[in-house]
Amino acid sequence: MSAVPPRSPKREDGPVAYLILREGGKWRDVFRLTPGQVTTVGRAPTNRVVVSDEVCSRNHCEIFLSGAQWTLRDLNSRNGTLVDEEPVNGDHELLDGEILRIGSTLLGFTFNLARQLPDVHDEAPTRQDAETAFDIAIEDLDSGEHEPAIVHRTRKSRFTSLQDLDRDRTGGELATLYRLAMDMGSASDEQALAKIVLDGLFAGTSADIGAILYLPEGTDEPRPRDLTITAYQSRGDLPYQRVSDHLSEAVLDSGEAILARDVSDDSRLANRDTLGQIHAQSVICAPVRESGRAFGLVHLYSTKPHEALDPNDLEFTLAVADQLANAIQHVRQMATLRQGLARAHDENRALRSQLKSNTSIVGESKAIHRLREDIARVAPTDATVLIRGESGVGKELVARAIHFDSDRDDAPIVCMNCAALSESLLESELFGHEKGSFTGATERKIGKFEQADGGTLFLDEVGEMSLGVQAKFLRVLEGHAFERVGGRDPVQVDVRVVAATNRDLESAVREGRFRSDLYFRLQVVEIDVPPLRERANDVPLLAVHFLQRFAEKSNRPVNGFSPEAVRLLTNHNWPGNVRQLQNTVERAVVLSRTATIEASDIQLSSLEMEQSGSRPAEQPEVYRDVSLEELEREHILATLEETGWNKSKSAQILGIERSTLDRKLKRYKVSRPGR
């Protein structure tokens, strides 16, 4: 084969692609397909790619860029062109990895030299699912008496020791190496890094063809045939041809860089040199090393007799290869980090999507429709929202719905219960603290306000906040910076506050337990969440919603309620609101013995029945064959659910000490649902 300057149509922008010749059972020589050039293939020497095959026509086919798509066109050849063993009729848009056949000659099409091409049989090539490493090694020909003449070899370049440098002779090269190292550090991927390195080598040596090859990661016994091309570059668009395995193996084994001359006199290469008529006058093969072990090679050729590569070029190339070794490890580490970050981002997006779907407000009553309308109006704004309603109605769910319908949905929503902490701990949780600010403050802690920066802070039971914390909280609401506990540096945040309470804040203001200025600051927008007893028609919808969730969570084959169970749930007063219904359905799903929940599976305690004000006829008092221990367990569980799992209040209702209640819960192995 031979290469001649191609005809050049109007320049088009598009992806650079490659044709890889398969010969002797291996993928070997490489042609670059450049946008704006038509690559002709045929037996005539005027073609860009010359195929020495009797089946091939003089002008067999051509490959060109049409729009953004590389296209193959058969030129009415005598025996036709096959792509993946299918004949080409007219124009064929090439896909990455497709195999072209002209007689017994195979050509692989790819956009990425580092990709894997299918391992095919020359007699009947097929694109198999199992792929082998993209191997461009020269085949093992019969050994000859002539090898490339190695004229120089070195393990270290003169740039390794700055003390031994001839400043006058190497000053310019050092500056070039420094600039090249800076450019390598800015490379974003392996392809960009390879281009920077090859550009630098072409500028610093007399090479006119070059390539970078790597061994697969984790290779124990490096062999030349395992090397894969990352990139190649040439002046005059010459194809790349690998040096003999003899040179590559010598470099991989010794870790030394080698300069060889008169490569075209090597009988093995001379017999192989049918593609592009590359008569290389000199070649450099330098190792890319880590801890003294070669994991890649840099190949450079000079085809010009009067500009042969010399020992200075060899040492410069080795110095660049050593810099490349550090840079490629950095690029690979960054690629691994980017992949990890991408996975984390995808997982975070999936979790946020799942969390957003879990904020759907279930119900079709007029009260729920009004609630959805209120949320839709207030969510797009940054107004402070005060959510009011009884315990268990779903105030946090409303807060999450407001957040995920707002422009802050990509930022976090941070939730905190103000009633669960003492005054000092509440201040530390809200605003954070510095290391050593109080006993036990062993390190700096970021508060909820900083955690929610850019997003939403939901404060439940805001009416339980002490007056001292209220004053600092008010300043932040008004846009002022705050200081961490024990700190002096001001912290500025952008946070939307959504507060909730089931207390009578007006009475607390009149009694001096809640600041009036904070009350008016919180009450910019007020949303009332109706209790469940005022929307009984939503009970069946909520019950089915909870049933599906808990059946999937507990992997129980429960798929519905009986009519009697639906009537029982609908007629109940639900003093504990949606939370109580949720816990009741979860208990029924766990204890149900059939696929349908019956009325007998729904356990409502006497406390629930008393507070509901009625006892449905669908649940008559009947004898149950259970122990006193089981009855006690059920009653304790019902009391806890009624009080929203307030253990102190439950212990008071049950007439026992808080510690006694804890011991009984531990003995009965009872824990709060969802925890």
Side-chain angles (χ1 to χ4, degrees), residues 348 351-352 355-356 358-359 378-379 382-388 394-503 505 514-515 517-519 521-525 527 674-675:
N348 181 56
L351 289 172
R352 292 185 68 82
L355 184 61
K356 187 173 182 178
N358 289 337
T359 62
V378 72
D382 269 346
T384 304
V385 181
L386 178 62
I387 305 173
R388 309 187 75 162
K395 295 187 289 294
E396 182 175 338
L397 184 68
V398 173
R400 291 184 179 277
I402 292 173
H403 172 75
F404 285 113
D405 285 346
S406 72
D407 294 335
R408 297 173 177 264
D409 60 333
D410 286 335
I413 175 172
V414 179
C415 304
M416 196 182 81
N417 190 327
C418 298
L421 301 170
S422 64
E423 178 178 350
S424 58
L425 288 178
L426 178 59
E427 184 177 6
S428 173
E429 284 293 317
L430 280 175
F431 308 109
H433 63 251
E434 299 289 348
K435 180 179 179 180
S437 57
F438 54 84
T439 303
T442 57
E443 59 184 12
R444 170 186 283 186
K445 178 178 180 179
I446 300 301
K448 301 298 185 185
F449 267 105
E450 287 182 81
Q451 294 175 26
D453 190 21
T456 303
L457 176 62
F458 172 63
L459 299 176
D460 198 7
E461 303 296 345
V462 70
E464 306 298 326
M465 191 181 292
S466 67
L467 290 173
V469 177
Q470 288 178 31
K472 193 171 182 179
F473 178 46
L474 177 61
R475 283 187 55 81
V476 181
L477 280 182
E478 292 175 342
H480 296 285
F482 62 89
E483 298 174 354
R484 301 185 189 97
V485 176
R488 297 181 179 180
D489 297 329
V491 179
Q492 188 74 50
V493 293
D494 173 24
V495 173
R496 180 184 191 173
V497 173
V498 178
T501 184
N502 61 356
R503 299 290 185 181
L505 290 184
F514 199 84
R515 294 176 62 104
D517 47 3
L518 177 58
Y519 168 76
R521 186 65 183 81
L522 289 174
Q523 203 188 24
V524 176
V525 177
I527 293 180
R675 296 289 178 89

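None of the values given here were measured: they were computed from a predicted structure.
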Enquirer: Sequence neighbours left out, what passes salt bridge (charged side-chain N to carboxylate O under 4.0 Å, His left out) with Arg496? Give chain and number order.
Expert: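 None.
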Enquirer: List the residues meeting side chain to side chain contact (heavy atoms under 4.5 Å, CB included) with Ser422, not counting sequence neighbours, and say none if there are none.
Expert: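 With neighbours one apart ignored, the set is Ser424, Leu425.
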Enquirer: Answer whether the closest heavy-atom distance between the side chains of Val476 and Phe431 falls below 4.5 Å.
Expert: yes
Enquirer: Which residues satisfy the salt bridge (charged side-chain N to carboxylate O under 4.0 Å, His left out) test with Asp517, sequence neighbours excluded?
Expert: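 Asp517 satisfies salt bridge (charged side-chain N to carboxylate O under 4.0 Å, His left out) with Arg515 once adjacent residues are dropped.
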Enquirer: Considering non-hydrogen atoms only, spot the tightest contact between Arg521 and Leu477 and give its length.
Expert: NH2-O, 2.9 Å
Enquirer: Any idea which heavy atoms bring Ala383 and Val525 closest together, and the distance?
Expert: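 Distance-wise, the nearest heavy atoms are CB-CG2, 4.0 Å.
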Enquirer: Can you see which heavy atom on Asp405 is nearest to which on Ala379, and at what distance?
Expert: CB-CB, 3.6 Å
Enquirer: Is there any side chain to side chain donor-acceptor pair (under 3.5 Å) pair reaching into residues 452-465, and which pairs are they, with sequence neighbours excluded?
Expert: His403-Thr456, Glu464-Arg503
Enquirer: Please check this pair: side chain of Glu423 against backbone of Leu467, looking for a donor-acceptor N/O pair closer than 3.5 Å.
Expert: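 A pair under 3.5 Å: no.
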Enquirer: Can you give me the closest heavy-atom contact between Ala452 and Pro412, atom names plus distance?
Expert: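 Nearest heavy atoms, Ala452 then Pro412: CA-CG, 4.3 Å.
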Enquirer: Please enumerate all residues that pass side chain to side chain contact (heavy atoms under 4.5 Å, CB included) together with Ala420, with sequence neighbours excluded.
Expert: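 Listed in chain order: Asn417.
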Enquirer: Considering non-hydrogen atoms only, spot the tightest contact between Val495 and Phe449 and give its length.
Expert: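 Val495 and Phe449 have their closest heavy atoms at CG2-O, 3.4 Å.
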Enquirer: Can you tell if the side chain of Phe458 reaches within under 4.5 Å of the side chain of Glu396, non-hydrogen atoms only?
Expert: yes
Enquirer: Look up atom CG in Asn502 and atom CD1 in Ile387, then write down how far apart they are to the nearest 0.5 Å.
Expert: 12.5 Å
Enquirer: Report the residues that fulfil side chain to side chain contact (heavy atoms under 4.5 Å, CB included) with Lys435, sequence neighbours left out, ordered by chain and then residue number.
Expert: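 For Lys435 there are no side chain to side chain contact (heavy atoms under 4.5 Å, CB included) partners, ignoring immediate neighbours.
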Enquirer: Would you mind checking if Asp382 and Arg408 are paired as a salt bridge, meaning a charged N to carboxylate O distance below 4.0 Å?
Expert: yes
Enquirer: Side-chain contact test, heavy atoms from C-beta onward, threshold under 4.5 Å: evaluate it for Val385 versus Val524 and give yes or no.
Expert: no
Enquirer: Using the test salt bridge (charged side-chain N to carboxylate O under 4.0 Å, His left out), find all partners of Glu429 that sit at least two apart in sequence or belong to another chain.
Expert: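 Result, salt bridge (charged side-chain N to carboxylate O under 4.0 Å, His left out) vs Glu429: Lys445, Lys448.
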Enquirer: Backbone N or O of Met465 within a donor-acceptor pair of the Gln470 side chain at under 3.5 Å?
Expert: yes
Enquirer: Using side chain to side chain contact (heavy atoms under 4.5 Å, CB included) as the criterion, point out the one residue from Val498, Thr501, Val497 that pairs with Leu386.
Expert: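 For Leu386, the side chain to side chain contact (heavy atoms under 4.5 Å, CB included) test succeeds with only one of Val498, Thr501, Val497, which is Thr501.
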Enquirer: Does any part of the side chain of Val485, heavy atoms only, come nearer than 4.5 Å to the side chain of Glu434, both counted from C-beta?
Expert: no
Enquirer: Does Gln523 have any side-chain hydrogen bond (donor to acceptor under 3.5 Å, both in side chains) partners at least two apart in sequence or in another chain, and if so, which?
Expert: Tyr519, Glu526
Enquirer: In Å, rounded to the nearest 0.5 Å, how long is the span from OG of Ser466 to CD of Glu427?
Expert: 8.0 Å
Enquirer: Among residues at least two apart in sequence or on other chains, which ones pass side chain to side chain contact (heavy atoms under 4.5 Å, CB included) with Arg475?
Expert: His480
Enquirer: Under the ring-ring contact (aromatic ring centres under 6.0 Å, His included) test, which residues partner Phe514, sequence neighbours left out?
Expert: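 ring-ring contact (aromatic ring centres under 6.0 Å, His included) check on Phe514 returns nothing, list empty.
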Enquirer: What heavy-atom pair brings Leu459 and Leu430 nearest, and what distance separates the two atoms?
Expert: CD2-CD2, 3.7 Å
Enquirer: Of all residues at least two apart in sequence or in a different chain, which pass the side-chain hydrogen bond (donor to acceptor under 3.5 Å, both in side chains) check with Ser437?
Expert: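 So Ser437 forms no side-chain hydrogen bond (donor to acceptor under 3.5 Å, both in side chains) with any residue.
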Enquirer: Can you name the side-chain hydrogen bond (donor to acceptor under 3.5 Å, both in side chains) partners of Ser428, sequence neighbours left out?
Expert: His433
Enquirer: Salt bridge between Glu483 and Arg488, side-chain N to carboxylate O under 4.0 Å?
Expert: no
